[in-house]
Amino acid sequence: MANSFYTTDKVLSEGIMLLENEMVMGNAVHTDYDSEYTTVGETVNIRRPVQYGGRRNNLDITGHREDIEQATIPVTMDQTETVAVQIGAKERTFDFDRFSRDVLKPAMVRIKDTVESHIATKYSDFYHFTGTPGTVPATFKSLGGMGAVLTDGAVPGSGRVAFHGTDASLELSDGLKNVYVESKAKTAFEEATIGRYGGFMNYETVYAPTHTVGNYGGTPRVNGASQGVTYENSKQSFSQTLVTDGWTNNRTGVLKTGDVITIAGVNAVNPVSRVDTGRLQTFVVKADADSGASSGPATLTISPPMITSGPYQTVTAAPEDNAVITVKTGAAQQSYKQSLLLHPQSIALVTRKIDIPTGQGVKSTTKSGDKVTISCTEFVDGNTLAQTFRFDILFKAETVDPRFGGRLTN
């Protein structure tokens, strides 16, 4: 007699529990924006956090007003994953425990793989950058360096997480072996935990991204002074263009998306006090750039924008003409693993219900767990009596606030 527990509702309840237990990065990023977005067609608009300048040390406490400069981040819901599992008439005699272990869990792991690898692609949005290219981080100091950068950037200390590739995880966990006590009956999320170290809860992931540096060369410099911008003009993309020259002539991909640079004389500021941190501001390149002929000109798109005053100030000053540019991401055309060090509010994982028609032998259920929404659709082939359970997820990960995360190169 066929097992009566094989219903879309029963299968999906088990499936979403398995999926959320398997996620590592997906469990650590922000997922509860339901009350904070508006939807237009396929796009979800998430509001970027607002900052105010305030007025300090002024005895006149009347009449102070500030305009609200609200930016939104468009999140286009264009990522899907589908896993369809076919169960024959004989297989339906399985008990549900065996079905969950042998059929359902592998399907949820496949969905998890897709979601986690997509989240990892957001690394190129983050401009905070520390570490030595070619050296695997292995010490408290290597993590603490990024912790200091984030603290100077007014990122909350509580809840910080770090995701490392297998090599960095091995080195860091070796340093923690005498202080981190193992426990039993862990979820996959808990199993990935290396331990709290350097101000971060650290996790191992096979999805730690690898960055390949552009084909740069020459002696790059800023071409033209006064290239700062205002928040009003840059708030939607949180980026700007920067005119440069001095690169090796006629090179394609002189810098790649995700490359990080510094500019002489351009320091970072604490976004609350707007005081010089004493560190050069790091800028991430947001689009591949080529150099032209005769003096190697290249127009870069960089983040953060160089805002020199007001509540969204990012730098001490705009660069002078011919200010030297230094590429921080490593040697040209070499590849380096990147650890992601984040506050959970830096990235949002958004999922949406898919409108699935039912009837004529098609049954469908959609459920939301603590983190994601997925659907299960059931239909039967009348010729073979094979029963298919199809699982679908519609999702997108987007960087909400690039100030709240950073990269530790390996």
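What you see below is based on every heavy atom in this structure, not just the backbone, and it leaves out hydrogens, waters and symmetry mates.
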Say whether Ser239 and Ser303, considering side chains only, have a donor N or O and an acceptor N or O under 3.5 Å apart.
-> no
Thr82 and Asp392: side chain donor to acceptor below 3.5 Å |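 Yes, side-chain donor-acceptor contact under 3.5 Å.
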State, with a plain yes or no, whether a side-chain heavy atom of [X] is found less than 4.5 Å away from one of [Y].
X      : Y      : result
Thr373 : Arg352 : no
Lys256 : Asp288 : yes
Phe389 : Leu104 : no
Thr329 : Val327 : yes
Met23  : Val372 : yes
Tyr336 : Val213 : yes
Asn410 : His164 : no
Glu378 : Val11  : no

Is there a side chain to side chain contact (heavy atoms under 4.5 Å, CB included) between Leu340 and Met25 once you walk through the steps?
-> CA-CA 10 Å; Leu340 280 175; Met25 300 179 76; 3.9 Å; yes
Specify the closest pair of heavy atoms between [X] and [Y], including all atoms of both residues, with the distance to one decimal.
X      : Y      : answer
Leu280 : Gly265 : CD2-N, 3.9 Å
Ile356 : Ser375 : CD1-CB, 3.6 Å
Pro344 : Ala28  : CB-O, 3.3 Å
Asp290 : Gly253 : OD1-N, 2.7 Å
Ala162 : Asn202 : CB-OD1, 3.3 Å
Val254 : Gly217 : CG2-N, 4.4 Å

Exactly one candidate in Tyr203, Tyr207, Phe200 meets ring-ring contact (aromatic ring centres under 6.0 Å, His included) with Phe163; the answer is Tyr203
Between atom [atom1] of [X] and atom [atom2] of [Y], what is the distance when rounded to the nearest 0.5 Å?
X      : Y      : atom1 : atom2 : result
Arg274 : Thr308 : CZ    : OG1   : 11.5 Å
Thr241 : Leu300 : OG1   : CG    : 9.0 Å
Ile111 : Glu22  : CD1   : CD    : 11.5 Å
His211 : Thr257 : NE2   : OG1   : 8.5 Å
Ile393 : Lys112 : CD1   : NZ    : 13.0 Å
Asp259 : Ile302 : CG    : CD1   : 13.0 Å

Measure from the side-chain N and O atoms of [X] to the backbone N and O of [Y], and report whether any donor-acceptor pair falls under 3.5 Å.
X      : Y      : value
Glu116 : Gly26  : yes
Thr377 : Ser364 : no
Arg407 : Gly258 : yes
Glu14  : Ser100 : no
Arg110 : Pro106 : no
Thr130 : Leu408 : no
Asn27  : Asn21  : no
Thr219 : Gly246 : no
Asn267 : Gln281 : no
Gln240 : Met306 : yes

Quick one: do Lys367 and Asp9 satisfy side chain to side chain contact (heavy atoms under 4.5 Å, CB included)? Show the steps, please.
-> CA-CA 8 Å; Lys367 285 183 179 289; Asp9 185 77; 3.0 Å; yes
Please determine which of Thr301, Ile263, Thr299 meets the side chain to side chain contact (heavy atoms under 4.5 Å, CB included) test together with Leu242.
->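 It is Ile263; the other options fail the test.
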I would like to know whether Leu170 and Thr166 meet side chain to side chain contact (heavy atoms under 4.5 Å, CB included); could you show each step before the answer?
-> CA-CA 6 Å; Leu170 175 62; Thr166 52; over 6 Å; no
Using 30° and 60° as the class limits, which term best fits the ring planes of Trp247 and Tyr216: parallel, tilted or perpendicular?
-> perpendicular
Should the heavy atoms of other residues, nucleotides or ligands under 6.0 Å from NZ of Lys328 be counted, would the total exceed 12?
-> no
CZ/Arg390: more than 12 non-hydrogen atoms of other groups inside 6.0 Å =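 It does not: Arg390 CZ has 12 such atoms or fewer within range.
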Determine whether the aromatic ring centres of Phe283 and Tyr127 lie less than 6.0 Å apart.
-> no
Non-neighbouring partners of Ser142 that pass side chain to side chain donor-acceptor pair (under 3.5 Å), sequence neighbours left out | none
Asp125/Phe238 under side chain to side chain contact (heavy atoms under 4.5 Å, CB included): CA gap, chis, key distance, verdict = CA-CA 10 Å; Asp125 290 335; Phe238 203 63; over 6 Å; no
